[in-house]
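These notes concern the structure reproduced below.
Both backbone and side-chain heavy atoms feed into the values below; hydrogens, waters and symmetry mates do not. Throughout, protein chains are lettered first and strands after them, A, B, ... in sequence-line order, and every chain is numbered starting at 1.
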Protein chains: 2
Amino acid sequence: MVKLRRSRVEPPPEVCPLGECMSLISGAWSPHVIWYLRDGPRRFGELRADIKGVSAKVLTARLRQLERDGVVIRREVASSPPTVEYSLSELGAELRPAIAAIVDVGHRLKRRN
Amino acid sequence: MVKLRRSRVEPPPEVCPLGECMSLISGAWSPHVIWYLRDGPRRFGELRADIKGVSAKVLTARLRQLERDGVVIRREVASSPPTVEYSLSELGAELRPAIAAIVDVGHRLKRRN
DNA sequence: CCGTATCCATGACGATACTG
DNA sequence: CAGTATCGTCATGGATACGG
């Protein structure tokens, strides 16, 4: 999650903790993870190949964070060699249209410029 | 909040530039700006008060970036003292439901835990 | 009122090497 | 295959002082 640093003066309790909510997709690669899980479960190595440029360390970190947040589900498959399958939780899947909307606006802004 | 850093190695062009699109709301405070502009124009000082904890420097930086990206419109009002009005562009306004959706999922995840 | 300038701290990220 | 360990870099952001 991206940390919201607080000013020295303690702010009044936020009515809407927007920062906390947006931290669901914080990090450079979290949106990519959600994006590439949109059509079903993917293994670690598949995600790593899908998301070009991400390092194993960071991908692990983002997957762990998304798992803690309840967005992503991690499932170990007892095989040889052992594999791990990641998928979107029910609520995690609801982030997909939001990301798609942002991407859509991004593309249209790009075309306009 | 979170920052979308691009890797130093340029990714191949055939990839969907998800990172570029998501950079529209990169930075810890960009979603807040869009959020607090949702009901119409706001002045710099109003935004600074709305978005508790943001420094003037960073708020300026994010507003400039959003302006360059075409999300936000900056309008100087010739008054005494001079004021500045920020508002969402037409395409920028389309980011609002996306952010609202993420916030909604965030709240529901929070309630579940 | 609306910023800019400076300095500094944090931590997200990449690269590489290594492990169960 | 699916990570972990370590090290270094650099963008983001906070605090404070100052400027138009």
Check: Can a donor-acceptor pair be found between the side chains of A/Arg68 and A/Gln65 at a distance below 3.5 Å?
Finding: no
Next item on the list: May I ask you to check whether B/Trp35 and B/His32 place their ring centers less than 6.0 Å from one another?
Entry: no
Check: Which sits closer to the 5' end of DNA chain D, B/Ala56 or B/Arg62, going by the nucleotide each is nearest to?
Finding: B/Arg62
Notebook entry, point to check: Does the side chain of B/Tyr86 get closer than 4.0 angstrom to OP1 or OP2 of C/dG3 through an N or O atom?
Noted result: yes
Item checked: Closest to side chain of A/Val84, choosing from D/dG3, C/dC2, C/dG14 -> D/dG3
Note to self: Can you see if the side chain of B/Arg75 gets near the phosphate of C/dC2 - specifically, an N or O under 4.0 Å from OP1 or OP2?
What the structure shows: no
Checklist line | ILVMFWY network linking A/Ile73 to B/Val105, side-chain heavy atoms under 4.5 angstrom | finding: no
Check: For C/dG3, does either OP1 or OP2 sit under 4.0 Å from a side-chain N or O belonging to B/Arg48?
Finding: no
Item checked: Interatomic distance where NZ belongs to A/Lys57 and C1' belongs to D/dG8 [whole Å] -> 10 Å
Check: Between the side chains of B/Tyr86 and B/Arg74, does any donor sit under 3.5 Å from an acceptor?
Finding: yes
Note to self: I want to check one thing: is the phosphate of D/dG3, taken as OP1 and OP2, less than 4.0 Å away from some side-chain N or O of A/Arg64?
What the structure shows: yes
Checklist line | B/Glu67 CD to C/dG3 C1', straight-line distance once rounded to whole Å | finding: 13 Å
Check: What's the CD1-C1' distance between B/Ile25 and D/dT12, to the nearest Å?
Finding: 16 Å
Check: OP1, OP2 of C/dC2 versus side-chain N and O of B/Arg42: anything below 4.0 Å?
Finding: no
Item checked: Below 4.0 Å: OP1/OP2 of D/dG3 and any side-chain N or O of A/Arg43 -> no
Item checked: Length of the CD-C1' vector between B/Glu46 and C/dC1, whole Å -> 12 Å
Note to self: With each end axis built from five pairs of C1' atoms, what bend angle do you get for the helix from C/dC1-D/dG20 to C/dG20-D/dC1? Round to 10°.
What the structure shows: 60°
